[in-house]
Amino acid sequence: MLRAIACALFLGLSTACVSAPAVAPPPPKYMAPPPVIRPLPRPAQVVPPPSADTIAPAAMEQGISALWASYPDRAGIAVLRDGAAWEIAHRGGEPMPQQSVSKLWVAIAILQGVDQRRWSLSDPVTVRPADVTVFSRAARGKVGANGWQTSISELLNLMMTRSDNTANDVLLRRAGGPEAIRAMLSAKGLSAIRFGGGEHLLQAGTAGLAWREEYRRGQAFQTARAQLSEATRRTAMDRYIANPPDGATPLAIARGLLRLKRGELLSPASTRLLLRLMTDSVTGRARLRGGTPPDWQLAHKTGTGQDHAGRTAGYNDIGLMTAPDGTTYAVVVMIAEAYRPIAERQRLMQGVTATVAANHVR
């Protein structure tokens with residue numbers, strides 16, 4: 001009995017010292033791969049066709065390009081539409097002689113003084129014989145031995161509707177002189193537009209003369225100019241055209257015109273007055289106005305330089321064309337150095353305004 005119990009204990013202890021056989025782990029459960037998430041297809045974008053606000057009408061751009069390419073003299077053209085982002089320009093960034101286009105900046109300076117109440121349009125002005133300057137038909141006939149009693153308003157009218165040089169220089173003096181005009185241009189963000197020293201200095205320099213007060217009398221200026229040598233005249237004109245003291249780019253003028261129209265340069269009353277004077281202008285009827293349809297409005301300012309040996313130092317017209325629906329375009333055509341006959345220059349300008357009107361899209 002005792003022997004049997006001992007044997008049982010021995011067998012139990014022996015069994016406890018032996019490791020239990022390894023049990024195989026259960027096979028892993030099947031797991032499906034994560035789903036592939038694909039983005040939903042985007043709806044097709046509808047791109048609106050270009051509008052008149054973002055791209056120039058193709059026919060207008062092509063027509064103006066053809067006009068510019070076919071005209072042999074050095075001409076600059078700029079066309080901008082009010083409220084649109086596009087510009088049509090050829091030589092639009094080249095400074096070109098303004099000549100009497102620069103009277104526009106004198107007018108703005110005078111009307112700015114009216115807006116600031118430094119003077120009024122009705123203020124009296126005495127124009128003396130010593131104030132009469134060259135190329136001044138309108139005012140010269142009004143100035144007697146004792147002068148001419150007039151007003152700022154009347155001088156402004158003569159300057160803008162008849163491009164009178166005496167009226168310009170008298171108002172320029174009232175505005176504070178050339179430096180005051182340059183300061184005004186800079187203050188209004190128009191510093192890309194140069195302003196010379198006034199009509200008498202500009203015309204003397206273009207001819208090759210040093211200004212003398214005696215040139216104000218009769219034909220004294222023309223007589224002195226005729227006595228200059230051919231080389232002197234040519235050199236002076238070359239110098240002026242290459243670096244005009246009154247130079248401005250067509251694009252700078254076009255942008256300034258649109259700012260004038262928007263009322264960004266003057267008060268509403270002064271803006272209306274200036275645009276009315278430009279609309280009433282009697283100069284250059286066969287230039288931009290010649291191609292403007294009768295039901296459109298044109299407010300413009302011409303500029304014409306001196307002639308010598310078949311060459312003109314600046315032949316220009318700049319303006320605001322307004323369609324019957326109220327849309328306004330700034331149109332600038334400047335011929336820096338004109339050799340072609342006047343009729344051909346005019347046809348270029350007429351062609352530009354006619355092309356704008358024919359291809360206007362509301």
Side-chain angles (χ1 to χ4, degrees), residues 49-98 101 192-193 247-261 278 284-304 312 314-362:
S51 70
D53 293 338
T54 59
I55 187 168
M60 183 186 298
E61 190 165 25
Q62 292 165 5
I64 290 173
S65 295
L67 286 166
W68 179 81
S70 66
Y71 186 79
D73 295 341
R74 185 160 71 93
I77 298 174
V79 175
L80 282 65
R81 173 175 165 148
D82 188 28
W86 56 263
E87 297 176 343
I88 298 173
H90 297 279
R91 292 186 185 262
E94 291 187 23
M96 299 187 178
Q98 292 184 82
V101 167
I193 297 170
T249 69
L251 275 172
I253 293 176
R255 291 166 184 156
L257 285 170
L258 286 185
R259 292 190 60 201
L260 171 65
K261 185 263 178 185
M278 294 170 68
R285 290 173 175 166
R287 299 189 194 186
L288 292 181
R289 189 174 295 283
T292 304
D295 56 343
W296 285 56
Q297 291 184 346
L298 177 70
H300 71 127
K301 183 70 194 76
T302 57
T304 309
T312 303
Y315 191 88
N316 312 316
D317 203 0
I318 61 104
L320 290 162
M321 290 179 65
T322 302
D325 63 20
T327 305
T328 298
Y329 296 85
V331 180
V332 174
V333 181
M334 305 177 76
I335 306 175
E337 190 174 6
Y339 291 93
R340 307 304 299 171
I342 289 176
E344 290 188 34
R345 306 173 198 176
Q346 293 171 340
R347 279 198 294 272
L348 170 66
M349 295 177 174
Q350 294 167 11
V352 171
T353 49
T355 300
V356 169
N359 296 283
H360 165 59
V361 178
R362 183 165 184 169

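Position 1 is the first residue of the sequence; numbering continues from there.
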query = Is the charged tip of Arg287 near the ring of Tyr315: under 6.0 Å from the six-membered ring centre and within 45° of its axis?
reply = yes
ask   = Is a side-chain N or O of Asn359 found less than 3.5 angstrom from the main chain of Ala58, in a donor-acceptor match?
value = no
query = Between CD1 of Ile193 and OG1 of Thr249, what distance do you get to the nearest 0.5 Å?
reply = 7.0 Å
inquiry  = Quick one, Met334 and Ile253 - any side-chain contact, counting heavy atoms below 4.5 Å?
reply    = yes
remark   = Looking only at heavy atoms, the pair that brings Ala252 and Ala192 closest together is CB-CB, 3.9 Å
ask   = How far apart are the closest heavy atoms of Ala254 and Leu80, and which atoms are they?
value = CB-CD1, 3.7 Å
key: Minimum side-chain heavy-atom gap His360-Asp325 below 4.5 Å   = yes
key: Which atom of Ala330 lies closest to which atom of Leu257, heavy atoms considered   = CB-CB, 4.2 Å
inquiry  = Taking salt bridge (charged side-chain N to carboxylate O under 4.0 Å, His left out) as the definition, give me every residue that meets it alongside Arg255, ordered by chain and number, with sequence neighbours left out.
reply    = Glu87
request  = Quick one: do Met278 and Leu260 satisfy side-chain contact (heavy atoms from CB on, under 4.5 Å)? Show the steps, please.
outcome  = CA-CA 12 Å; Met278 294 170 68; Leu260 171 65; 4.3 Å; yes
request  = Apply side-chain contact (heavy atoms from CB on, under 4.5 Å) to Thr353 and Val333, showing your working.
outcome  = CA-CA 10 Å; Thr353 49; Val333 181; over 6 Å; no
note = All heavy atoms of Val331 vs all of Met321, minimum pair found to be CG2-SD, 3.7 Å
task = Check whether any side-chain heavy atom of Val332 lies under 4.5 Å from a side-chain heavy atom of Val101, and answer yes or no.
result = no
query = What are the two closest non-hydrogen atoms of Leu288 and Thr292, and how far apart are they?
reply = O-OG1, 2.9 Å
remark   = Val361 and Pro57 have their tightest heavy-atom pair at CG2-CG, 4.3 Å
Using atom types as modelled, flag every donor-acceptor pair under 3.5 Å from a side chain in residues 62-71 to any protein atom, sequence neighbours excluded.
residue : atom : partner : partner atom : Å
Ser65   : OG   : Glu61   : O            : 2.8
Ser65   : OG   : His90   : NE2          : 3.0
Trp68   : NE1  : Ala75   : O            : 2.9
Ser70   : OG   : Ala66   : O            : 3.1
Ser70   : OG   : Leu67   : O            : 3.0
Tyr71   : OH   : Asp73   : OD2          : 2.9

ask   = Which distance, rounded to the nearest 0.5 Å, do you find between the CH2 of Trp296 and the OG1 of Thr328?
value = 9.0 Å
ask   = Once you round to the nearest 0.5 Å, how far does NZ of Lys301 lie from CD of Gln98?
value = 10.5 Å
inquiry  = With rounding to the nearest 0.5 angstrom, report the OH to CG distance, Tyr329 to Leu258.
reply    = 11.5 Å
Non-neighbouring partners of Arg74 that pass salt bridge (charged side-chain N to carboxylate O under 4.0 Å, His left out), sequence neighbours left out = Glu94
remark   = CZ (Arg345) and OG1 (Thr312) are apart, to the nearest 0.5 Å, by 3.5 Å
remark   = Between the CE atom in Met60 and the CD1 atom in Ile55, the distance rounded to the nearest 0.5 Å is 12.0 Å
